[in-house]
Number of protein chains: 2
Amino acid sequence: MAVPEAVTTALRLVDEDGLDSLTMRRLAAALDVQAGTLYRHFATKQTLLAAMAEEMLAGCAGPLPDGLTWREQITELAGRLRMALLRHRDGARVHAGTHSVGPNTLSYTDTLVGVLRETGLSPEAATRTALTIVHFIVGHTLEEQAAQALAESTELPATLTLLHAALDPGTYPNLAAAEATLTSTDFVGHFAHGLNLIIKGLAGE
Amino acid sequence: MAVPEAVTTALRLVDEDGLDSLTMRRLAAALDVQAGTLYRHFATKQTLLAAMAEEMLAGCAGPLPDGLTWREQITELAGRLRMALLRHRDGARVHAGTHSVGPNTLSYTDTLVGVLRETGLSPEAATRTALTIVHFIVGHTLEEQAAQALAESTELPATLTLLHAALDPGTYPNLAAAEATLTSTDFVGHFAHGLNLIIKGLAGE
DNA sequence: ACCTGAACACCGTTCAAGT
DNA sequence: ACCTGAACACCGTTCAAGT
């Protein structure tokens, strides 16, 4: 049993059945090994999840095309992280639930901080801004994948009805006006809006 | 057994031992009841968690003091949500893992969208901006509480050493410059920086 | 109407013993 | 050195039967 295969197999299992169905026993079975054997390679399930989170970020810090403005560089890097999380079912949850210090994760942050420093920000401001961007991406993608999961579940009609019923204009006047946007599935648009807000804030400094 | 007591007891158990230790059986024992009894009041554990998330937001949408600028109103509302999540151990994880459509959650979003509309934003722009702010808060607080948990765990020295060792200026030049900020515990400062970036972006529209 | 007792089908993790 | 087999101490959820 090799560690890299175990990690990619674990990601495949998550893609097939969701994070809640990933168990050490199921992974062991998929690798044709006893459950206990996994603990020779991963100290705990958390360690396995961190390795999965790290693997998901492969390529995210790759070289940026030449000739991009700093705005485009930030947009490109942010888009890559979002896509990396979206590529696997429950990817944002896997990422948010762990704290990887592997090379993919580290070089992604390094690259993002670098782009921000080139705009003239101090190391501290660049780091805080990078954190802001990453936190927004993770929060956004968590929500995006939760919406995806809900859309595929049987609870969708019930939730939508409940939401719609709650949207009494007398009680929640702004929510009534927001309903179309809240129930829209234009996550690309939502993501771009949020990221542009942050980028615009940056330009104002 | 009453539902409100069950929810507050569940939150107390989370505060004492963390979210991973909250089980239906432990909660049942704390309520002096059999585990099966809980399923008469909550269809699944997810339902219980959603009720806990909803309870955490009590008061968050309360009236804003008079005379605040819109910037101050946004800052006040954002700070309330962050504080509500911080008030309970693993609060951000509880919130992020559920999708409440209860009155506390709905009226919080309603209030935030309302403040943003008053700045002149369209319903769509106001809604998207509210989502951006909430996603940032959730992403930030998830990280903040993960750092808290790490700080209280025995893995802290190992992680810090690993991180420091990885910070070779030749490999990660920007991370080396970012280390002080990345390892700082000034989460109030980080939060203010991110939120101000978004608010500044808003002012530019 | 509400709760108990007991079961079903699982978990993560550990560790002696085998090869 | 690496894996198996088996166990330990749990899980979420269901449901007949009691009161």
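Throughout, protein chains are lettered first and strands after them, A, B, ... in sequence-line order, and every chain is numbered starting at 1.
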Roughly how far apart are A/T129 OG1 and A/R117 CZ, rounded to 0.5 Å? 12.5 Å
Rounded to the nearest angstrom, tell me the gap between atom CG in A/D20 and atom C1' in C/dG12. 15 Å
Interatomic distance, CG@B/D90 vs CG@B/L11, rounded to 0.5 Å, equals 11.0 Å
Structure string for DNA chain C in dot-bracket form, Watson-Crick and G-U at under 3.5 Å, | interchain: ||.|||||...|||||.||
Please tell me which of the listed nucleotides, D/dC3, D/dT13, C/dT13, lies nearest to the side chain of A/M1? D/dC3
Nearest whole angstrom, please: distance from the P of D/dG12 to the CG of B/L48. 10 Å
Once the angle between the rings of A/F136 and A/F191 is folded into 0 to 90°, is it parallel (under 30°), tilted (30 to 60°) or perpendicular (over 60°)? parallel
Residues B/D17, B/R12: salt bridge by 4.0 Å N-O rule: no
Below the 4.0 Å mark, does D/dC3 have OP1 or OP2 next to a side-chain nitrogen or oxygen of A/Q34? no
Does a sphere of radius 6.0 Å around CD in B/E155 hold more than 12 heavy atoms from other residues, nucleotides or ligands, not counting ones at 6.0 Å or beyond? no
Quick one: pull up CG in B/N174 and CG in A/D110 and give me the separation to the nearest 0.5 Å. 4.5 Å
What's the gap between D/dC10 and C/dA9 when it is taken at their P atoms, as a whole Å value? 22 Å
Can a side chain N or O of B/H41 be found less than 4.0 Å away from OP1 or OP2 on C/dC3? yes
Report yes if at least one side-chain N or O of B/T37 is closer than 4.0 Å to OP1 or OP2 of C/dC2; otherwise report no. no
From A/T75 atom OG1 to A/R80 atom CZ, the distance as rounded to the nearest 0.5 Å: 12.0 Å
Could you tell me how far apart B/L31 (CG) and C/dC3 (C1') are, to the nearest whole angstrom? 13 Å
Report, one pair per line, the protein and nucleotides 7-11 of chain C atoms (nitrogen or oxygen only) whose separation is under 3.5 Å.
from   : atom 1 : to    : atom 2 : distance (Å)
C/dC11 : OP1    : A/T23 : OG1    : 3.4

Considering only heavy side-chain atoms of B/R40, the closest of C/dC3, D/dT13, C/dT13 is C/dC3
Can you confirm whether the side chains of A/E54 and A/T105 place a donor and an acceptor under 3.5 Å from each other? yes
Would you sort out whether B/Q148 and B/L86 count as a side chain to side chain contact (heavy atoms under 4.5 Å, CB included), showing the intermediate values? CA-CA 10 Å; B/Q148 263 175 226; B/L86 285 179; 4.0 Å; yes
Short side-chain N/O contact from A/Y39 to OP1 or OP2 of C/dT14, under 4.0 Å: no
